Amino acid sequence: MTLTSPHLGSSTGWTDARLLYALEEVVEKELNRHLKVTKDWMPHEYVPWSDARNFPGFFEDGEAWDPAQSKVTDIGKIALVVNLLTEDNLPSYHHEIASLFGRDGAWGTWVHRWTAEEGRHGIVMRDYLLASRAVDPDKLEQFRMAHMSEGFESDNRHSMLHSVAYVAFQELATRISHRNTGHQSGDPVCDRMLSRIATDENLHMVFYRNLLGAAFEIAPDMTMQAVRDVVVNFRMPGHGMPGFERAAAQMAIGEIYNMRIHHDDVLQPVLRFLKVLQIDGLGPEGLQAQEELGLYMNGLDSEASKFDEKLAARKARMAARAAG
């Protein structure tokens, strides 16, 4: 099916303020839909408190942390730390979207509701890690301090449309990362917890994806350019944390998050749902952005195929080594 979007003049006709006003009713509709389908849940109910014991310090019976105390796999531990440190930066994310979207009306209600829901994720993940002794608690706190002390600035803070486009993809990326971490963790308790978090992230993605669809209807050229920019330059929000590059490489090999997953499970579903590459009625700037987006996706698919081949060869070598 081909979508026909109204071409409403040049991109210069739209400002962030005008777009915020134009999309207010859509935000209210999506907020009401979200509140009807989302379910409140209690973080403490997902934590294995019976596994917990005191750490050394002020407690005489404190037991020092040891890697053998946890059943979580090595790749699970790496991904859990990355995912938690990402969630820890919630104050910065709140500041970013509150500054862009505002604190009043439906936009403001959504900003605060989203922040409250995201807050649960950091709470339950940290409580799980400490109660189950999955990671070194001292290093976890040192990483948190270092990461948050650096501050966070979004690549898309210059534009409301770019920010909406980014979170439409990023919320889905976070959902996939949490879900795959749970599957690879080796602990059913961890898997259940991260599945609950992933459900929230998926609902957040639906909100922003639908909002992005509405933006295509009223400002197709600008929205297409924003989507192109975001997809081509996409980075996860935790890219600035200590040791992120090494951890990301290990998560890629561990099939928690890599190029193939990014292409197939994050970018393609959103682009396909909104039929972004089939939208017509675009002006010259929108058409160019659409063409460049299509070319980029084709290139990413090719690069992902090369990664798949390398990963398969690595698995074969490891299997041969284990058999020998």
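The structure presented is a predicted model; accordingly, all values stated were derived computationally and were not measured.
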Exercise for review: Check the surroundings of atom CG in Asp66: do more than 12 heavy atoms from other residues, nucleotides or ligands lie under 6.0 Å from it?
Suggested key: yes
Check your understanding: Does the pair Lys306/Glu309 count as a salt bridge with the N-to-O cut at 4.0 Å?
Key -> no
Review point. Hey, does the side chain of Asp127 reach the backbone of Val47 with a donor-acceptor pair shorter than 3.5 angstrom?
Key: no
Point to revise | Gap between atom CD1 of Ile75 and atom CD1 of Ile256 - 0.5 Å precision | key: 4.5 Å
Revision key, fill the gap. Rounded to the nearest 0.5 Å, the CD atom of Gln69 sits from the CG atom of Asp136 at a distance of 10.0 Å
Point to revise | Closest contact, heavy atoms only, Leu274 versus Gly213 | key: CD2-CA, 3.7 Å
Point to revise | Any Pro237 side-chain heavy atom under 4.5 Å of Gln170 side chain | key: yes
Practice item. Dump the intermediate steps for side-chain contact (heavy atoms from CB on, under 4.5 Å) on Glu171 and Glu118, then the final yes or no. Key: CA-CA 11 Å; Glu171 292 282 4; Glu118 287 286 344; 3.6 Å; yes
Revision key, fill the gap. Heavy-atom closest pair (Pro67 atom, Lys77 atom, distance to 0.1 Å) is O-NZ, 3.3 Å
Check your understanding: Taking the six-membered ring for Trp, are Trp110 and His204 parallel (under 30°), tilted (30 to 60°) or perpendicular (over 60°)?
Key -> perpendicular
Review point. For the atom pair NZ (Lys39) and CG (Leu203), what is the distance rounded to the nearest 0.5 Å?
Key: 10.5 Å
Review point. With distance as the sole test, does Arg53 use its side chain to make a donor-acceptor pair with the main-chain N or O of Asp51 at under 3.5 Å?
Key: yes
**Study point:** Separation between CG of Asp16 and CG of Leu100, rounded to the nearest 0.5 Å
**Key:** 7.0 Å
**Study point:** Of all pairs that satisfy ring-ring contact (aromatic ring centres under 6.0 Å, His included), the ones with a partner from residues 46-78, not counting sequence neighbours
**Key:** Trp41-Tyr46
Exercise for review: Measure across Ser177 and Asn83 and return the closest heavy-atom pair with its distance rounded to 0.1 Å.
Suggested key: OG-OD1, 3.2 Å
**Study point:** Ring centers of Phe234, Tyr166 separated by less than 6.0 Å
**Key:** yes
Exercise for review: Kindly give the cluster partners of Met145, where membership spreads through any ILVMFWY side chain lying under 4.5 Å from a current member.
Suggested key: none
**Study point:** Candidate pair Gln288 and Glu285, rule side-chain contact (heavy atoms from CB on, under 4.5 Å), full reasoning
**Key:** CA-CA 5 Å; Gln288 181 181 347; Glu285 293 176 332; 5.9 Å; no
**Study point:** Over 12 foreign heavy atoms within 6.0 Å of CD, Gln268
**Key:** yes
Practice item. To the nearest 0.5 angstrom, please state how far the CZ atom of Phe273 sits from the NZ atom of Lys275. Key: 7.5 Å
Practice item. Flag the pair Arg196 and Glu45 as a salt bridge only when some basic side-chain nitrogen lies within less than 4.0 angstrom of an acidic carboxylate oxygen. Key: no
Review point. Should the heavy atoms of other residues, nucleotides or ligands under 6.0 Å from NE2 of His94 be counted, would the total exceed 12?
Key: yes
Exercise for review: Kindly check if the number of other-residue, nucleotide or ligand heavy atoms within 6.0 Å of CD (Glu150) is above 12?
Suggested key: no
Check your understanding: Can you tell me if Asp187 uses its side chain to pair, donor with acceptor, with the backbone of Lys71 under 3.5 Å?
Key -> no
Review point. Could Arg144 and Asp88 be called an ion pair, given the rule that one side-chain N must be under 4.0 Å from one carboxylate O?
Key: no
Check your understanding: Counting only heavy atoms not in Gln250, do more than 12 sit closer than 6.0 Å to its CD atom?
Key -> yes
Revision key, fill the gap. The side chain to side chain contact (heavy atoms under 4.5 Å, CB included) partners of Arg314 (sequence neighbours excluded) come to Ile253, Arg317, Met318
Review point. Side-chain heavy atoms under 4.5 angstrom apart, residues restricted to Ile, Leu, Val, Met, Phe, Trp, Tyr: same cluster for Ile123 and Tyr93?
Key: no
Review point. Which atom names give the shortest non-hydrogen contact between Asn89 and Met148, and what distance separates them?
Key: OD1-CG, 3.7 Å
Practice item. Look at atom OH of Tyr21 and say whether more than 12 heavy atoms of other residues, nucleotides or ligands are closer to it than 6.0 Å. Key: no
Practice item. Start with the C-alpha gap between Thr199 and Arg175, add the side-chain angles, then the distance that decides, and say whether side chain to side chain donor-acceptor pair (under 3.5 Å) holds. Key: CA-CA 7 Å; Thr199 299; Arg175 174 212 168 193; over 6 Å; no
Exercise for review: Identify whether the distance between the nearest side-chain nitrogen and carboxylate oxygen of Arg113 and Asp40 falls below 4.0 Å.
Suggested key: yes
Exercise for review: Start with the C-alpha distance between Leu212 and Arg209, add both sets of side-chain angles, then the distance that settles side-chain contact (heavy atoms from CB on, under 4.5 Å), and finish with yes or no.
Suggested key: CA-CA 5 Å; Leu212 186 61; Arg209 182 197 64 193; 5.6 Å; no
Review point. Would Asp191 and Arg179 pass as an ion pair if we require N to O under 4.0 Å?
Key: no
Check your understanding: Hey, what do you get for OH (Tyr128) to CE (Met193), rounding to the nearest 0.5 Å?
Key -> 6.0 Å
Practice item. Report yes or no: does Glu24 contribute a side-chain atom to a donor-acceptor pair with the main-chain N or O of Ala106 at less than 3.5 Å? Key: yes
Check your understanding: Do the non-hydrogen side-chain atoms of Leu267 and His262 ever get within less than 4.5 Å of each other?
Key -> yes
Practice item. Keeping the roles fixed (side chain from Gln290, backbone from Val276), state whether a donor-acceptor pair exists under 3.5 Å. Key: yes
Check your understanding: Taking the side chain as C-beta and beyond, is there a heavy-atom pair between Thr174 and Glu87 under 4.5 Å?
Key -> yes
**Study point:** Derivation of the side-chain contact (heavy atoms from CB on, under 4.5 Å) call for Thr181 and Leu80
**Key:** CA-CA 7 Å; Thr181 299; Leu80 278 163; 4.0 Å; yes
Practice item. Report yes or no: does Thr38 contribute a side-chain atom to a donor-acceptor pair with the main-chain N or O of His34 at less than 3.5 Å? Key: no
